Amino acid sequence: MSALPALDVAALPLVLAGPIVRRVDRNTVTVWLALKAPRKVTLDVHEGALGALPATPHLTGTRVTARIGQHLHLVAVTATVPSGGTLRPGMIHRYTVRFGEDLSSPTTPVDAGAPDLFSPGVIAADEAAARKALLYQGTSGAPTHPSFITPPYHPGELRLFHASCRKPHAGGTDALSILDEVLQADAGSTRRRPQQLILTGDQIYADDVADGLLHICTVYGRTLLGRDETFPTVHPAHQKWSFRPGWRQSMILDDFKMTSTHARSHLLRFSEFLAMYLMVWSPTLWPAVPPIRFFAELFPKETAELGNPDHTEYFGLLDKPEYKKAHERLMEYVAESDHLDGFRGTLGMVRRALANTATYMMFDDHEVTDDWYISRKWVHEVCDLPHGRQFLGNAMASYAVCQGWGNTPEQFADGPRGEAGRDLLTALAAPDHTAAGPAAVIARRTGTPTGADSAGRIVRRDGSLVWHYAITWPAHQLVALDTRTQRVFRGGFTDPPSLFYSDATFASMVEAPEDQGLEKVTVLLSPCPVLGDPLIEEFAQPAVRRLQGYPGQLDQDYEAWGHDPRAFEKFISRLLGHAAPGADGVRRRRVVSLGGDVHYGFAARMAYRASAPFSSTPGHVRAVLAQLTSSSLKNEATGTMLLHHAGFNLKRVDLPHTHRAGWANPSGGFMEVRTRGGLGLPLAPVYVEKSPALLELHDGATVHSPAPEWEYELSYYRHDDPDGTAPRPGGPAPVSFPATGNRRAALAQYVQAADNHLDYMAVTGSGREIVGRNNIGEVQFAWNGQDAKSVTQTLWWHLPGNVGGAPLTRLVVPLDVGQTTGPAATARDAAIDSEGLPS
């Protein structure tokens, strides 16, 4: 008998995961849910946090769930403002969801008397449990229904959170639960409540799954879909044993030709991917039996070797090789299971936070597999295999219905714009999605490649869903980049990619969203940080690459923006040059880039100046790019903790600083450049080559001739706040501290904050430059007149031994672009033109 209980579908609530608030724009609101049965779902949205709900909602929408399997039905239901109306910025909105059983008239709203989120058996067994699961009860002014707040009119009132990389069996506390703590304090405040959560990649780990968790996903996923899935073209030697949890590594490398070395429990089947999404967003499917109980079932040979798989007992036989191997596997399994138990413990908090915050997502590699599209070799080898294409279709179809649908609901709606999404949903509803007809539709609509052409572009059929998107509000614009499916392999068969390169890609992703000007915020979502940690990107990764050869074996993937200089310079110039000229003919732009991927958090800044930006529209540009990186939500490890304590420099000297000058140099040949030393040293010639030609300037040196066509400085930041000016551990930001009016509670909170602050300061420097503990980033803006503007990233993380997260690392990045007028500004620009950027 299996240690994992069978999934009793009848005993489950109607909603398996969700509600998750997804896209909220000026005219629509979309909420995503996963249900165990088909329903017609109506979403009503009401402005205002308190009081009885009006009889007529501010906006409403109805949609019938999409059948994904026998017991799994998904929906992203969109409510639309009546013609001519908009959602007011800076306002809390409540929403209700009703579930009707009559599917015959898909567009007719569900009757007001139908079950809603608080009805028994929908979210929980009774109303009280449902309210506890979805609401911030006890918080002053907290809404009476699930809710969200729209972004404000002014950038100075924006409060965004962002993060990435959430692996359930990794170490540390899941930092996504910190957002729930923030909302618990600020859900009722229109000034303090976060308006958006931006998840920049790796919302699931498909390639690195705990053995016990894969077992749950395999068994429960099969039950939810009501069918199994085979890979008939996999080598017969792998068919019998290699699909078992814990035993897939050799099949992944040898048969699927992928490169992940943590893949012994890699997701493969469509049902496994779907079950994983449900498991990371909701506690509903998690069995009462802890994963440690599955060891004997998954590893019978090791269990027999051990005699008794009780890890608390000492066996005394570790000198016996087979016993030692079995014991090592047991202890690794125990550690994974302990981390899974911790992950599960905060899932209720995560679910509630996602039900009350507009959330935007983008894939990175781990939604599919480590090293996804990392080289031309990878694309050819994996996509040449029928089972490789079947796997890719499973991964991307699950992303489409669990993440992509909420980002761009119009691609699944009625009418021509929704054709691709509707086709995909129809194919997934087939009794066997791997049959020739549905499989062809899934491959086309998810963009599964057939290979890469001689120019290094990924080849796929027309008609794929588009994964990038943009959303505009009065104070800011969010531009989400697809850096995976549009990459180009300009080098050799195993060389790293340009994350994107073609003019068509720049036009659709970077230039199609209209420039918002200098008085609004442009927020870029790039899963891989545009500006990386130089210690890692310029030293550690190239060194490991030289030692190991093929980049797929890197612990930190060799695919940062900066690893293809031509593509990087082109991207920077097209991004920062995408601005309307001012009265003086200069194009000025501010961009804040949010990224993750790297498993540590930091902040950096590029000050950019050009007279002829590379591969872009000619003309003067003055711009700044602030890089804010928050990673990982749950994936801290030995390497990240080394960075956490050491910061950017192992010798604890100054922060990194880079000054580069560039020229197009179309011929690519050698070019003489004369520089002036920073200490009054005479002019000295140096030689640069390639196109573009780049020169790194040291110790305050400047270029004398020829004048740079563009140049930029890269700066990195540390937490350096005097006591009392920044939020301190143990509570939310000062404007909402203390969280209650109770004097005794306030005193206890103050004492806890003081104790935590002493703990924080005792570990000198830890987390002040780089945060290697699980973290989530808070983003706010100081937005005063002219150039007096900056962005602050506050990284929230857990001190050892503390249950709650705290705003421990505050990194302030200036956003000045020379936005002043008058003789002083003219003189300053002239000086920079002749001498280069100021230090």
Side-chain angles (χ1 to χ4, degrees), residues 499 522 524 526 528-542 556 559-577 588-598 600-610 613-614 621-631 643 647-651 653-663 675 678 688 692-703 708-720 768-770 790-793 811-818 832 835-839:
L499 299 193
T522 299
L524 193 75
S526 170
C528 180
V530 177
L531 308 178
D533 174 358
L535 175 67
I536 299 295
E537 290 189 1
E538 297 174 15
F539 172 71
Q541 286 184 358
Q556 298 288 335
E559 52 183 339
W561 284 94
H563 288 178
D564 182 340
R566 184 178 178 87
F568 176 76
E569 299 296 334
K570 181 177 180 180
F571 173 74
I572 291 297
S573 69
R574 298 285 280 268
L575 172 69
L576 298 182
R588 290 182 171 87
R589 197 169 199 219
R590 298 183 179 94
V591 178
V592 175
S593 176
L594 307 182
D597 180 60
V598 294
Y600 48 87
F602 66 95
R605 177 182 188 265
M606 171 187 282
Y608 182 86
R609 184 178 183 88
F614 179 64
V621 177
R622 306 285 184 272
V624 62
L625 172 65
Q627 175 64 57
L628 308 180
T629 302
S630 176
S631 178
L643 290 170
F648 288 107
N649 194 305
L650 296 176
K651 296 181 180 179
V653 295
D654 292 338
L655 292 172
H657 184 266
T658 299
H659 184 183
R660 290 195 183 111
W663 299 263
T675 63
V688 294
L694 301 172
L695 176 64
E696 192 153 330
L697 300 164
H698 300 281
D699 300 324
T702 58
V703 176
E709 294 172 4
W710 69 90
E711 57 183 319
Y712 52 81
E713 288 194 81
L714 303 178
S715 306
Y716 295 79
Y717 293 82
R718 65 159 57 99
H719 174 102
D720 194 21
R768 291 190 160 222
E769 297 173 8
I770 296 175
S790 64
V791 60
T792 297
Q793 171 169 255
L811 306 166
V812 182
V813 181
L815 294 176
D816 53 298
V817 291
I832 293 174
E835 298 294 338
L837 286 163
S839 299

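The structure displayed is predicted, hence computed values, not measured ones.
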Of Val817, Val621, Leu625, Leu714, the residue whose pairing with Tyr608 passes side chain to side chain contact (heavy atoms under 4.5 Å, CB included):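 For Tyr608, the side chain to side chain contact (heavy atoms under 4.5 Å, CB included) test succeeds with only one of Val817, Val621, Leu625, Leu714, which is Val621.
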Identify the two heavy atoms, one from [X] and one from [Y], that lie closest to each other, and give their separation to 0.1 Å.
{"X": "Trp710", "Y": "Ala610", "value": "CB-CB, 3.6 Å"}
{"X": "Ser790", "Y": "Pro814", "value": "CB-CA, 4.0 Å"}
{"X": "Val591", "Y": "Leu524", "value": "CG1-CB, 4.1 Å"}
{"X": "Val530", "Y": "Ile572", "value": "CG1-CD1, 3.9 Å"}
{"X": "Pro692", "Y": "Phe614", "value": "CD-CZ, 3.8 Å"}

Asp564 bridged to Lys570 by N-O distance under 4.0 Å
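No, this pair does not count.
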Q) So, the side chain of Arg588 versus the backbone of Gly818: is there a donor-acceptor pair under 3.5 Å, distance only? A)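 Flag set: sc Arg588 to bb Gly818 pair under 3.5 Å.
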Task: Trp561 side chain vs Cys528 backbone, donor-acceptor pair below 3.5 Å - done: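 Flag set: sc Trp561 to bb Cys528 pair under 3.5 Å.
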Q) Val703 versus Trp663: any side-chain heavy-atom pair under 4.5 Å? A)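 Yes, side chains in contact.
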*Can you check whether Val813 reaches Val624 side chain to side chain, under 4.5 Å on heavy atoms?*
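They are not in side-chain contact.
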Under the side-chain hydrogen bond (donor to acceptor under 3.5 Å, both in side chains) rule, collect the residues that match up with [X], sequence neighbours excluded.
{"X": "Ser573", "value": "none"}
{"X": "Arg574", "value": "Asp503, Glu511"}
{"X": "Gln793", "value": "His162"}
{"X": "Thr522", "value": "none"}

Fill in: Set of ring pair (Phe, Tyr, Trp, His ring centres under 6.0 Å) partners for Tyr717, sequence neighbours left out
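Ring pair (Phe, Tyr, Trp, His ring centres under 6.0 Å) list for Tyr717, sorted by chain: empty.
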Got a second to check how far [X]'s [atom1] is from [Y]'s [atom2], nearest 0.5 Å?
{"X": "Leu655", "Y": "Arg768", "atom1": "CG", "atom2": "CZ", "result": "12.0 Å"}
{"X": "Arg605", "Y": "His657", "atom1": "CZ", "atom2": "NE2", "result": "9.5 Å"}
{"X": "Leu594", "Y": "Ser526", "atom1": "CG", "atom2": "OG", "result": "9.5 Å"}
{"X": "Leu811", "Y": "Glu769", "atom1": "CG", "atom2": "CD", "result": "9.5 Å"}

Residues forming a side-chain contact (heavy atoms from CB on, under 4.5 Å) with Thr629, sequence neighbours excluded:
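Listed in chain order: Pro529, Val598, Phe602, Gln627.
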Yes or no on side-chain contact (heavy atoms from CB on, under 4.5 Å) for Met606 and Leu576, after CA distance, side-chain angles and deciding distance?
CA-CA 10 Å; Met606 171 187 282; Leu576 298 182; 4.2 Å; yes
- salt bridge (charged side-chain N to carboxylate O under 4.0 Å, His left out) partner of Arg660, chosen from Glu569, Glu696, Glu713, Glu709: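 Among Glu569, Glu696, Glu713, Glu709, the one that satisfies the salt bridge (charged side-chain N to carboxylate O under 4.0 Å, His left out) with Arg660 is Glu696.
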